[in-house]
2 protein chains.
Amino acid sequence: MRIGEAAAAAGMTTKALRFYEQQGLLPPVHRGPNGYRDYPPETLARLQFIRRSKAAGLSLAEIRNILQIRDAGQAPCAHVAAQLAQQLTDLDQHIAELTALRTSVAEHYQAASQGDPAQCDAEQICSYL
Amino acid sequence: MRIGEAAAAAGMTTKALRFYEQQGLLPPVHRGPNGYRDYPPETLARLQFIRRSKAAGLSLAEIRNILQIRDAGQAPCAHVAAQLAQQLTDLDQHIAELTALRTSVAEHYQAASQGDPAQCDAEQICSYL
DNA sequence: CGGAACCTTCCTCTACCGTGGAAGGCCACA
DNA sequence: TGTGGCCTTCCACGGTAGAGGAAGGTTCCG
């Protein structure tokens, strides 16, 4: 399978595949006599795993870790579960931060909507921030 | 006021002040005979406005827009209100996306916690993603 | 006079995930 | 033989908000 086919089958670009290889998510692959990459069919499953992992919000670095465990012959499930737990924690914190920020912005917005622009003096730029 | 004093008074670094000047948030400032920047006292209010705006989640580009309006002699309040409204919309969407992702991750995590690693075959890397 | 602490400009680097393009090689079809 | 469509490598760029550091000038204090 050439890179264009593999990319199309996985719903990715050829650029992305080369990038993943460079980043260590795809092992160096066999080349034909013309230098073209020649992917074995099982690469497709790997690419789809990468897709699913990305959809779950994992970074390429985390995905690479998981793949390395699998490539070392071990089941990465425990690691994956830990990673997902971490991901949940991170998401919760991130969401909490954004929610707090939203509250703050909403308060400023309230003030700005109800206030009188004439009270805004040049020195403080804008009284609603 | 020299750059170090101004930075300390505003709780920023000298690097940040030079960067703000370069980005157009601070006007070119008077230099002493030694080339040192010499800030007028009202710069402090401007720096504090930048601080508050950043805390409200505005980008430097948005803050620059507001400052330009003020520097043009107009009250930026209406613009600020619009900016805050946009900010609210963006935050809501961002939070919604993260929340949806959290739900998805939580489902994967549930499966991973309850599942049996032995069922995970090498081909699909990990059945929990 | 010497050293610490300040200032200047300029260049590079950070994280993330690729995308865009240039220059060149290879292959099939008409 | 040409032309279009693949493929190769390598380099640059994007956005965000500065941080880090080099090389050099200045000022303050003892």
Side-chain angles (χ1 to χ4, degrees), chain A residues 1-26 28-39 43 46-47 49-67 83 86-87 90-91 93-94 97-98 101, chain B residues 1-26 28-39 43 46-67 83 86-87 90-91 94 97-98 101:
Chain A
M1 207 169 24
R2 293 199 306 190
I3 195 172
E5 299 171 71
M12 298 167 170
T13 64
T14 58
K15 290 273 189 189
L17 262 69
R18 292 194 197 95
F19 182 69
Y20 291 160
E21 177 179 324
Q22 185 201 321
Q23 296 298 306
L25 281 84
L26 295 179
V29 65
H30 171 247
R31 304 290 186 114
N34 48 14
Y36 289 12
R37 288 171 179 80
D38 183 19
Y39 291 99
T43 298
R46 198 176 178 97
L47 290 175
F49 174 77
I50 293 174
R51 258 174 74 83
R52 293 195 305 273
S53 303
K54 265 162 48 83
L58 298 189
S59 70
L60 294 191
E62 289 160 348
I63 300 172
R64 181 179 50 218
N65 288 342
I66 296 170
L67 288 169
Q83 198 63 257
Q86 180 65 50
Q87 178 77 354
D90 293 351
L91 277 173
Q93 184 178 350
H94 199 167
E97 283 168 7
L98 286 183
L101 179 56
Chain B
M1 209 173 15
R2 293 201 306 190
I3 195 172
E5 299 171 72
M12 298 167 168
T13 65
T14 59
K15 290 273 188 190
L17 262 69
R18 291 193 199 96
F19 183 69
Y20 293 160
E21 178 179 324
Q22 185 200 322
Q23 296 298 306
L25 282 83
L26 296 179
V29 67
H30 172 249
R31 305 290 186 115
N34 48 14
Y36 289 13
R37 289 172 179 80
D38 182 19
Y39 292 99
T43 297
R46 198 176 178 97
L47 290 175
Q48 277 153 8
F49 175 77
I50 293 174
R51 257 175 75 84
R52 292 195 304 273
S53 303
K54 266 164 48 82
L58 298 189
S59 70
L60 294 191
E62 289 159 348
I63 300 171
R64 181 179 49 218
N65 289 341
I66 296 170
L67 288 170
Q83 198 63 257
Q86 180 64 51
Q87 178 77 352
D90 293 352
L91 277 173
H94 199 167
E97 283 168 8
L98 286 183
L101 179 57

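What you see below is based on every heavy atom in this structure, not just the backbone, and it leaves out hydrogens, waters and symmetry mates. Residue numbers begin at 1 in each chain, while the letters A, B, ... track the order of the sequences.
Between the R2(B) side chain and the Y36(B) main chain, no donor and acceptor come within less than 3.5 Å of each other. The backbone N or O of L26(B) lies less than 3.5 Å from no partner atom in the side chain of R46(B), so there is not a single donor-acceptor pair. Although no hydrogens or angles enter the test, the distance criterion places no donor-acceptor pair under 3.5 Å between the side chain of D38(A) and the main chain of R31(A). Under the 3.5 Å distance criterion, the side-chain polar atoms of E97(A) are left unmatched by any main-chain donor or acceptor of H94(A).
Not a single donor-acceptor contact under 3.5 angstrom links the side-chain atoms of Y20(B) to the base of dG18(D).
Looking at the side chain of K54(B), the nearest of the listed nucleotides dG20(D), dG18(D), dT26(D) is dG18(D). The nucleotide whose nearest atom lies closest to any side-chain atom of N34(A) is, among dT19(C), dC27(C), dT8(C), dC27(C). Side-chain proximity of T14(A) to the nucleotides dT8(D), dT9(C), dC7(D) is greatest for dC7(D). In this structure, the nucleotide among dC10(D), dG18(D), dT26(D) sitting nearest to the side chain of Y36(B) is dT26(D). With dG20(C), dG18(D), dG20(D) as the candidates, the nucleotide lying closest to the side chain of L60(B) is dG18(D). Of the listed nucleotides (dC7(C), dA17(D), dC26(C)), dA17(D) has the atom at the smallest distance from the side chain of S59(B). In the set dG21(D), dT27(D), dG18(C), dG18(C) carries the atom at the smallest distance from any side-chain atom of F19(A).
R2(B) comes within contact range of the sugar-phosphate backbone alone, with a heavy-atom separation under 4.0 Å but no base atom that close. Across all strands, R37(A) comes closer than 4.0 Å only to sugar-phosphate atoms, never to a base (heavy-atom distances).
Looking at which nucleotide of DNA chain D each of T13(B) and P33(B) is closest to, the 5′-most match is held by T13(B).
Rounded to an integer number of Å, the gap from K15(B) NZ to dT9(C) P is 11 Å. Taking atom CE on M12(A) and atom P on dC17(C), their separation rounds to 13 Å, with Å as the unit. Atom CG in L25(A) sits about 13 Å away from atom C1' in dC16(C), given to the nearest Å. Remark: P of dT16(D) and CG of L58(B) are 13 Å apart, rounded to the nearest angstrom. Nucleotide dC7(D) holds its C1' atom 15 Å from the NE2 atom of H30(A), rounded to whole Å.
Between V29(B) and T43(B) there is no side-chain heavy-atom pair separated by less than 4.5 Å.
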